[in-house]
Participant: 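The structure under discussion is supplied below as structure tokens; questions concerning it will follow.
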Amino acid sequence: MIRTVIMLVFWSVAAPLAALIGFPWTFITGDVRLLYRMFMWGAFIGVRLTGVRVEAFGREKLDPARAYIFMSNHVSNLDPPIQIPLIPGRTSVMVKKELFRTPILGRTMRIGSLVPVDRGNREAGIEAVEAARKVIEQGISMMIYVEGKRSFDGKLLPFKKGPFFLATECRVPVVPMTIVGTYEAMPKKRFAIEPGVVKVIFHPAIEPKDFGDRDSLMEKVRAVIEGGLPEEYRQGNQAEALPLS
């Protein structure tokens, strides 16, 4: 419990300091990169303070000059602050649309090209996909948790179709990601964080020429992500384990 409190206290101190410097700079210049780097640094350090050690595999194969759609499994609230700082360049995510109504925060998120989404509205979901497409066309990558919510048991849930519609529309490479260890560190509905090792695997990018149709792409991404999971978290233990490097 104390590790979680330390992380939250650090974030509660670091975030206002970053905002004090980063928000005015962002509003004056219209450039969110300084604020983005500050928050990514804060996210990374906050997690390290809990005793969680992060090992990344395959990141060296990414081209920082290219935009990608990163698709990952999702088991813990620790996933985003661990994974997003590891992605080269600036990355956008989908955020609950209600947060965009907050005056300062909402304006900053728009400058940062974050994508508002209403998960309970199908038509709004289509609008979110279109907004994400425009972000990718700016050369900004997208990070998407393809299950749409956290898994209770560490195994993959059914995938949402929207991310694969987005990928086939944008024709940019898809990078499947597997995160291992955050389920043990902080599973859904547990507040306390346990120290340990978290592995983040950047699998080889799937190029648009290899997509096939949306269902084929979904099957490929699912097989790759699941193949990076420990055997006990694979459905039916049918997926073949993939090397970490």
Participant: How long is the straight-line distance from CE of Met71 back to NZ of Lys220, given to the nearest 0.5 Å?
Facilitator: 12.5 Å
Participant: Tell me whether Met109 is reachable from Ile28 by hopping between hydrophobic residues (I, L, V, M, F, W, Y) whose side-chain heavy atoms are closer than 4.5 Å.
Facilitator: no
Participant: Please assess Leu86 against Val54 for the test side-chain contact (heavy atoms from CB on, under 4.5 Å), listing each intermediate value before the final yes or no.
Facilitator: CA-CA 10 Å; Leu86 292 174; Val54 179; 4.1 Å; yes
Participant: What do the steps show when you test Glu219 against Arg222 for salt bridge (Lys or Arg N to Asp or Glu O under 4.0 Å), and what is the final call?
Facilitator: CA-CA 5 Å; Glu219 290 174 3; Arg222 187 178 185 92; over 6 Å; no
Participant: Tell me, yes or no, whether the heavy-atom count around Arg190 atom CZ, taken from other residues, nucleotides or ligands under 6.0 Å, exceeds 12.
Facilitator: yes
Participant: Please evaluate residues Lys149 and Glu147 with respect to the criterion salt bridge (Lys or Arg N to Asp or Glu O under 4.0 Å), reporting the C-alpha separation (whole Å), side-chain torsions for both, the decisive distance (0.1 Å), and the verdict.
Facilitator: CA-CA 6 Å; Lys149 57 184 178 180; Glu147 299 157 284; over 6 Å; no
Participant: Taking side-chain contact (heavy atoms from CB on, under 4.5 Å) as the definition, give me every residue that meets it alongside Leu62, ordered by chain and number, with sequence neighbours left out.
Facilitator: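 Partners of Leu62 by the side-chain contact (heavy atoms from CB on, under 4.5 Å) criterion, ordered by chain and then number, come out as Arg59, Tyr68, Phe70, Pro88, Val175, Phe202.
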Participant: For Pro176 and Ile206, which heavy atoms make the closest approach, and how far apart are they?
Facilitator: CG-CD1, 4.0 Å
Participant: With side-chain contact (heavy atoms from CB on, under 4.5 Å) as the test, would you mind laying out the steps for Asn73 and Thr178 before giving the verdict?
Facilitator: CA-CA 6 Å; Asn73 61 315; Thr178 306; 4.1 Å; yes
Participant: Looking at every non-hydrogen atom in both residues, tell me the closest pair between Ala19 and Pro24 and how far apart they are.
Facilitator: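 Scanning both residues, the minimum pair turns out to be O-CD, 3.4 Å.
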Participant: Under the rule for side-chain contact (heavy atoms from CB on, under 4.5 Å), what residues qualify as partners of Phe39, not counting sequence neighbours?
Facilitator: Ala15, Ala18, Leu35
Participant: Could you pull out all residues at least two apart from Arg214 that satisfy salt bridge (Lys or Arg N to Asp or Glu O under 4.0 Å)?
Facilitator: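 For Arg214, no residue satisfies salt bridge (Lys or Arg N to Asp or Glu O under 4.0 Å) once neighbours in sequence are set aside.
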Participant: Same cluster or not: are Leu34 and Met40 linked, directly or through other Ile, Leu, Val, Met, Phe, Trp or Tyr residues, by side-chain heavy atoms under 4.5 angstrom apart?
Facilitator: no
Participant: Identify whether the distance between the nearest side-chain nitrogen and carboxylate oxygen of Arg234 and Glu231 falls below 4.0 Å.
Facilitator: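 Here Arg234 does not pair with Glu231 in a salt bridge, since their nearest N and O are not under 4.0 Å apart.
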Participant: Once rounded to the nearest 0.5 Å, what's the spacing between atom CD1 of Ile179 and atom CD1 of Ile225?
Facilitator: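 Result: 11.5 Å between the selected atoms.
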Participant: Where is the tightest heavy-atom contact between Gly30 and Ile111, given as atom of each residue plus distance?
Facilitator: O-CG2, 3.7 Å
Participant: To the nearest 0.5 Å, how far apart are OG in Ser141 and CD1 in Ile136?
Facilitator: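 The distance works out to 8.0 Å.
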Participant: Could you tell me which non-hydrogen atom of Val75 sits nearest to which non-hydrogen atom of Gly154, and how far apart they are?
Facilitator: CG1-CA, 3.8 Å
Participant: In the single-linkage hydrophobic clustering (I, L, V, M, F, W, Y; side-chain heavy atoms under 4.5 Å), do Phe57 and Val197 co-cluster?
Facilitator: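 No, no single cluster joins them.
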Participant: For the pair Lys155 and Asp153, evaluate salt bridge (Lys or Arg N to Asp or Glu O under 4.0 Å) and give the outcome as yes or no after the intermediate values.
Facilitator: CA-CA 6 Å; Lys155 296 181 180 180; Asp153 59 7; 5.2 Å; no
Participant: Can you check side-chain contact (heavy atoms from CB on, under 4.5 Å) on Met7 and Leu78, steps first, answer last?
Facilitator: CA-CA 11 Å; Met7 179 184 71; Leu78 290 176; 4.2 Å; yes
Participant: What pairs with Leu17 under side-chain contact (heavy atoms from CB on, under 4.5 Å), at least two apart in sequence or on another chain?
Facilitator: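 Listed in chain order: Val13.
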Participant: At their closest point, which heavy atom of Ala205 faces which heavy atom of Pro173, and how far apart are they?
Facilitator: CB-CB, 4.1 Å
Participant: To the nearest 0.5 Å, what is the distance between CE on Met94 and CE on Met143?
Facilitator: 12.0 Å
Participant: Spell out, yes or no, whether Phe44 and Ile87 are grouped together once hydrophobic residues are joined by side-chain heavy atoms under 4.5 Å, including indirect joins.
Facilitator: yes
Participant: Keeping the roles fixed (side chain from Ser76, backbone from Met186), state whether a donor-acceptor pair exists under 3.5 Å.
Facilitator: yes
Participant: Answer yes if Trp25 and Ile21 sit in the same cluster of Ile, Leu, Val, Met, Phe, Trp and Tyr residues linked by side chain heavy atoms under 4.5 Å apart, and no otherwise.
Facilitator: yes
Participant: What I'd like to find out is whether the side chain of Ile6 reaches to under 4.5 Å of the side chain of Thr50, using heavy atoms alone.
Facilitator: no
Participant: Quick one: sort the Tyr145 and His74 rings into parallel, tilted or perpendicular, breaks at 30° and 60°.
Facilitator: parallel
Participant: Tell me if a side-chain donor or acceptor on Tyr36 pairs with a main-chain N or O of Thr91 at a distance below 3.5 Å.
Facilitator: yes
Participant: Is it true that a side-chain atom of Tyr183 and a backbone atom of Lys188 form a donor plus acceptor pair closer than 3.5 Å?
Facilitator: no
Participant: For residues 160-172, tabulate all N or O donor-acceptor pairs below 3.5 Å that involve a side-chain atom, not counting sequence neighbours.
Facilitator:
{"from": "Thr168", "atom 1": "OG1", "to": "Phe164", "atom 2": "O", "distance (Å)": "3.0"}
{"from": "Thr168", "atom 1": "OG1", "to": "Phe165", "atom 2": "O", "distance (Å)": "3.0"}
{"from": "Arg171", "atom 1": "NH2", "to": "Pro208", "atom 2": "O", "distance (Å)": "2.9"}

Participant: How far apart are the closest heavy atoms of Pro116 and Ala128, and which atoms are they?
Facilitator: O-CB, 3.6 Å
Participant: Atom CD in Gln83, atom CD1 in Ile201: separation rounded to 0.5 Å?
Facilitator: 10.5 Å
Participant: Does Ser113 offer a backbone N or O that forms a donor-acceptor pair with the side chain of Ser92 under 3.5 Å?
Facilitator: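 Side chain of Ser92 to backbone of Ser113, a donor-acceptor pair under 3.5 Å: yes, one is there.
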Participant: Can a donor-acceptor pair be found, under 3.5 Å and without considering hydrogens, that links the side chain of Thr4 to the backbone of Phe191?
Facilitator: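 Looks like yes, one N/O pair under 3.5 Å.
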Participant: Could you list the residues that satisfy side-chain contact (heavy atoms from CB on, under 4.5 Å) with Asp213, not counting sequence neighbours?
Facilitator: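 Asp213 satisfies side-chain contact (heavy atoms from CB on, under 4.5 Å) with Asp215, Ser216 only.
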Participant: Side chains of Tyr233 and Ser151: does their closest heavy-atom pair fall under 4.5 Å?
Facilitator: no
Participant: Nearest 0.5 Å, what's the CE-CZ distance between Met38 and Arg33?
Facilitator: 15.0 Å
